Amino acid sequence: MGKNRYVFWGLVITTLISALDANIMQTASPTIVKQLGKMELFAWIFAVYMLASTVTVPLYGKLADMYGRKKLLMIAVGLFTFGSILCGLANSMVMLIIYRGVQGLGAGGMIPLSMIIVGDLFTIEKRGKIQAVFSSIWALSSIIGPVMGSFFVETLTWRWIFFINIPIGIATLLCLLPYKEQMEFKKTYIDFKGFFLFGFSISLLLLATNVSDPLWYVIAGCVGFILFAIVEKKETQPFLPVSLFKNKGILMTNLFMLVYCLSFFGTSNFIPLYLQQGKHMSIYQSGLILLSTAVGWMFGSTPAGKWIIRYGYKKLFIIGSFITAISGFGLYLFIKDISYMNLFIILTIQGVAFGLLFAVGTIASQEFAESNIKGISTSLQMFLRNIGTSVGVTVMGVIINHTPNITNGIQNVFLYALILSIFTVFLSFLIPSKTRETSQT
């Protein structure tokens with residue numbers, strides 16, 4: 001890896017910060033609410049972070065194509081670290097929510113920009129292995145995060161779940177300093193009208209998933225999107241370049257990943273709940289089951305780069321979507337009477353499909369795009385994944401809440417996910433097999 005070694009470790013640490021923040025908050029949040037009060041604002045600790053980190057993803061991608069990836073990533077990490085300091089100093093729930101928004105503004109660029117830099121620096125073959133490393137970090141953090149959260153809450157104070165980000169953030173910045181980008185970046189006009197309309201509309205639709213009366217949020221969000229489409233038609237340099245949608249590879253890959261994240265990717269949020277309430281298992285057992293997906297993910301993503309060169313994109317998308325649909329059908333049929341070990345095996349198989357498709361999807365979003373729009377193309381796919389996962393989890397929550405018991409509820413969730421996963425099988429046949437670069441390789 002040579003001169004890119006420090007950059008690689010900087011990206012690893014960036015992923016570690018994001019992964020720990022996502023997992024450590026779940027353990028500490030009850031204690032935070034107990035000390036700061038305002039229980040009615042509890043959900044906003046997570047909602048404002050999700051809004052800020054999701055809406056800014058395409059903007060980071062656009063700016064990365066104009067000003068370079070390194071500068072933007074350092075700004076994002078710095079903003080996230082600054083937000084972490086503010087969160088640790090918060091003395092009221094309102095202050096904490098505002099500061100979580102600052103954190104989210106930084107978090108929105110950390111993972112997408114890391115993936116863009118990986119696409120700039122490493123060959124297709126190596127990218128699958130690197131994504132496997134990132135996946136293993138998320139898997140480990142799902143275990144370490146809650147443990148660290150409990151340790152800080154019980155031994156020190158909940159404020160350390162935020163202060164721990166300070167040394168990690170500094171280490172990231174130091175690792176990125178030696179990195180010198182070889183590409184030339186062209187500064188162009190930024191369509192801020194389009195960005196604000198886009199961000200406003202998406203924010204309303206995301207808020208609709210976190211409020212008790214979502215109808216007006218959905219209506220306002222849809223109206224905002226109509227205005228966004230009208231404004232963008234008149235723009236010579238729109239916020240989302242037209243070339244993104246004229247490129248069949250980018251269009252179909254993004255549509256596939258959006259629907260895919262609407263389906264089985266969000267079910268992991270409810271499987272531990274089902275095991276605790278439906279099977280009366282311990283918190284330890286129900287949490288450990290998620291390691292199955294993480295293990296499978298690593299096996300699926302590691303060889304993805306080599307397989308792209310050998311088989312092309314279409315075959316891998318078809319295989320991954322078939323594996324998801326077949327394993328999902330097994331979950332739907334047998335979930336009521338399935339043993340813990342068999343559930344672990346099925347989820348591991350499904351994790352292989354997750355790892356394969358997410359790695360291939362990320363690489364495809366970069367290789368189908370021209371170099372001047374690689375950043376916005378990569379970030380757009382990650383944005384759509386976040387939207388798909390958020391909406392999918394919300395729909396699954398509604399299904400479970402409107403079902404008499406958790407066992408029937410989880411089976412209905414699997415049915416919903418299965419129907420969508422079958423749709424992704426059809427979509428996979430519409431994705432091109434090769435880009436010009438992979439054909440020459």
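Remember, it's a predicted structure, so these values are computed and weren't measured experimentally.
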Measuring from atom [atom1] of [X] to atom [atom2] of [Y], what distance do you get when rounded to the nearest 0.5 angstrom?
X	Y	atom1	atom2	value
Ile387	Met382	CD1	CE	14.5 Å
Ile75	Leu105	CD1	CG	12.5 Å
Leu63	Thr56	CG	OG1	10.5 Å
Phe383	Ser53	CZ	OG	10.5 Å
Ile399	Leu415	CD1	CG	8.0 Å
Thr407	Gln277	OG1	CD	9.5 Å

Nearest atoms (heavy-atom pairs only) where [X] meets [Y]:
X	Y	value
Pro112	Thr378	O-CG2, 4.5 Å
Ala52	Gly101	CB-O, 3.5 Å
Val55	Ser203	CG2-OG, 3.4 Å
Thr81	Asn165	CG2-O, 4.1 Å
Ile431	Met252	CG1-CB, 3.9 Å
Ile13	Cys175	CD1-SG, 4.1 Å

Note to self: Using a 6.0 Å cut-off, check whether atom NZ of Lys279 has over 12 heavy atoms from anything other than its own residue.
What the structure shows: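 More than 12 heavy atoms, drawn from other residues, nucleotides or ligands, come within 6.0 Å of this atom.
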Note to self: Within a 6.0 Å radius of atom CZ on Phe225, are there more than 12 heavy atoms belonging to other residues, nucleotides or ligands?
What the structure shows: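 Yes, CZ of Phe225 has more than 12 neighbouring heavy atoms, counting only those of other groups under 6.0 Å.
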Next item on the list: Tell me, with the steps shown, if Leu11 and Leu113 meet side chain to side chain contact (heavy atoms under 4.5 Å, CB included).
Entry: CA-CA 9 Å; Leu11 302 181; Leu113 290 169; over 6 Å; no
Where the side chain of [X] meets the backbone of [Y], is there a donor-acceptor pair that is under 3.5 Å apart?
X	Y	result
Asn247	Phe368	yes
Thr253	Ile250	no
Asn342	Ile338	no
Ser327	Thr324	yes
Lys336	Asn408	no
Lys70	Leu177	yes

Is the closest side-chain heavy-atom distance between [X] and [Y] below 4.5 Å?
X	Y	result
Lys314	Ile319	no
Gln381	Leu258	no
Tyr99	Phe162	no
Val77	Met110	yes
Phe228	Phe200	no
Ile400	Tyr274	no
Ile335	Leu343	yes
Gln350	Thr293	no

Check: Hey, which of Tyr313, Phe317, Phe429 is the one that makes ring pair (Phe, Tyr, Trp, His ring centres under 6.0 Å) with Phe256?
Finding: Phe317
Notebook entry, point to check: Checking side chain to side chain contact (heavy atoms under 4.5 Å, CB included) for the pair Arg385/Thr362: CA distance, chi angles, key distance, verdict?
Noted result: CA-CA 11 Å; Arg385 289 181 193 175; Thr362 300; 2.6 Å; yes
Notebook entry, point to check: Aromatic rings Phe329 and Tyr332: how do their planes relate, parallel, tilted or perpendicular, breaks at 30° and 60°?
Noted result: tilted
Next item on the list: Test Phe334 against Ser339 for side chain to side chain contact (heavy atoms under 4.5 Å, CB included), laying out the working first.
Entry: CA-CA 9 Å; Phe334 306 117; Ser339 68; over 6 Å; no
For residues 416-427, run the donor-acceptor check on the side chains, cut-off 3.5 Å, and write out each pair with its distance to 0.1 Å, sequence neighbours left out.
| residue | atom | partner | partner atom | Å |
| --- | --- | --- | --- | --- |
| Tyr416 | OH | Leu262 | O | 2.8 |
| Ser421 | OG | Ala417 | O | 3.4 |
| Ser421 | OG | Leu418 | O | 2.7 |
| Thr424 | OG1 | Ser421 | O | 2.5 |

Check: What residues form a side-chain hydrogen bond (donor to acceptor under 3.5 Å, both in side chains) with Gln103, not counting sequence neighbours?
Finding: Asp21, Ser84, Arg100
Margin query: Let's go through Ser301 and Leu356 carefully: what are the C-alpha distance in whole Å and the side-chain angles of both, what is the deciding distance for side chain to side chain contact (heavy atoms under 4.5 Å, CB included) to 0.1 Å, and is it a yes or a no?
Written below: CA-CA 5 Å; Ser301 59; Leu356 174 64; over 6 Å; no
